[in-house]
Amino acid sequence: MTTLAILTAAGSGTRLGRDLPKALVELHGFPLVLHAARRLAASGAVDSIVVTAPDGLVGVMADLMAGDPHVGIPVRVTDGGPTRQASVAAGLALARSEDDVVLVHDAARPLVPPELVQRVVSAVRSGHGAVVPGLPVTDTVKQVRPDGDAELVTGTPDRSMLRAVQTPQGFARALLVRAHHTGAERAAAEHLAATDDAGLVEALGEPVHIVPGDAAAFKITTERDLWLASLVLQETTA
Ligand code: CTP
Ligand code: MG
């Protein structure tokens with residue numbers, strides 16, 4: 001049996017504000033999506049990758065992957081959709097019957113440690129249907145609602161019971177297929193769509209387990225994150 005990784009890379013990167021999609025923005029000379037693919041492959045726990053590409057860029061992504069000597073496992077590329085959820089569904093449609101485990105990883109997390117990938121796959125293979133890496137939350141988090149020109153605090157959840165979750169998230173393929181199928185009507189619009197795949201599994205009422213995340217798997221959203229990633233790489237390759 002095999003593990004497929006869906007590598008989501010079809011977003012536009014609005015908050016980064018470059019003139020090209022975020023997954024193609026370079027970090028130390030290589031696009032974010034390539035960093036992520038190399039690390040998925042380096043884990044030794046992933047057998048093949050499906051990349052979701054932005055509009056009109058399937059060929060560009062495919063050339064990028066095919067020309068890289070470090071990926072070394074089969075990579076297929078498909079068109080993404082209007083939301084992350086739709087993109088994952090498009091990738092999932094290419095899963096094969098032998099892919100009993102499916103990971104979903106964001107190209108926006110290019111520095112994911114291979115050990116984290118292994119940890120997630122192991123937890124799924126040990127019998128958990130849905131596994132998510134999570135870290136303790138260090139900020140106190142407030143729940144709010146709009147109140148005139150400000151926001152009113154409606155609650156303060158107990159921080160010790162909160163986790164900030166990352167990718168890769170790992171699933172038994174049949175469970176992830178069922179979760180996307182059941183949640184399919186949410187995929188078309190950003191305000192309805194699930195921001196992670198575990199959320200779709202939770203909506204089924206099925207259990208989702210957390211394994212320890214890793215700070216290095218942080219998400220690149222803004223220029224500051226890109227700068228931080230560059231510092232981290234400098235530090236680890238020095
Ligand atoms: N993604 C995707 N398809 C979409 C939207 C997002 O495959 N329609 C992917 C992104 O490429 C990214 C991951 O989902 O790897 C997480 O999304 P996010 O960080 O929000 O990236 P963007 O949507 O590109 O950024 P922004 O929200 O700032 O536009
Ligand atoms: Mg987005």
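Counting starts at 1 for both ligands and their atoms, following the listed order. Both backbone and side-chain heavy atoms feed into the values below; hydrogens, waters and symmetry mates do not.
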Just list the side-chain donor-acceptor pairs under 3.5 Å for residues 45-58, sequence neighbours left out, or say none.
from: Asp47; atom 1: OD2; to: Thr3; atom 2: N; distance (Å): 2.7
from: Thr52; atom 1: OG1; to: Ala9; atom 2: N; distance (Å): 3.0

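- The backbone N or O of Val141 lies less than 3.5 Å from no partner atom in the side chain of Asp139, so there is not a single donor-acceptor pair.
- Under the rule for a side-chain hydrogen bond (donor to acceptor under 3.5 Å, both in side chains), the partners of Arg159 that lie at least two apart in sequence or sit in another chain are Thr140.
- Using a 4.0 Å heavy-atom criterion, the residues that approach ligand 1 are Thr8, Ala9, Ala10, Gly11, Ser12, Gly13, Thr14, Arg15, Lys22, Thr52, Gly81, Pro82, Thr83, Arg84, Ser87, Asp106, Ala107, Ala108, Lys219.
- The pair Glu206-Arg178 counts as a salt bridge, with a side-chain nitrogen and a carboxylate oxygen less than 4.0 angstrom apart.
- Looking at Asp100 and Arg125, a side-chain N of the basic residue comes within less than 4.0 Å of a carboxylate O on the acidic one, giving a salt bridge.
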Distance-only donor-acceptor pairs under 3.5 Å for side chains of residues 17-24, two or more places apart:
from: Arg18; atom 1: NE; to: Glu223; atom 2: OE2; distance (Å): 2.6
from: Arg18; atom 1: NH2; to: Glu223; atom 2: OE1; distance (Å): 3.3
from: Arg18; atom 1: NH2; to: Glu223; atom 2: OE2; distance (Å): 3.2
from: Lys22; atom 1: NZ; to: Ile220; atom 2: O; distance (Å): 2.8

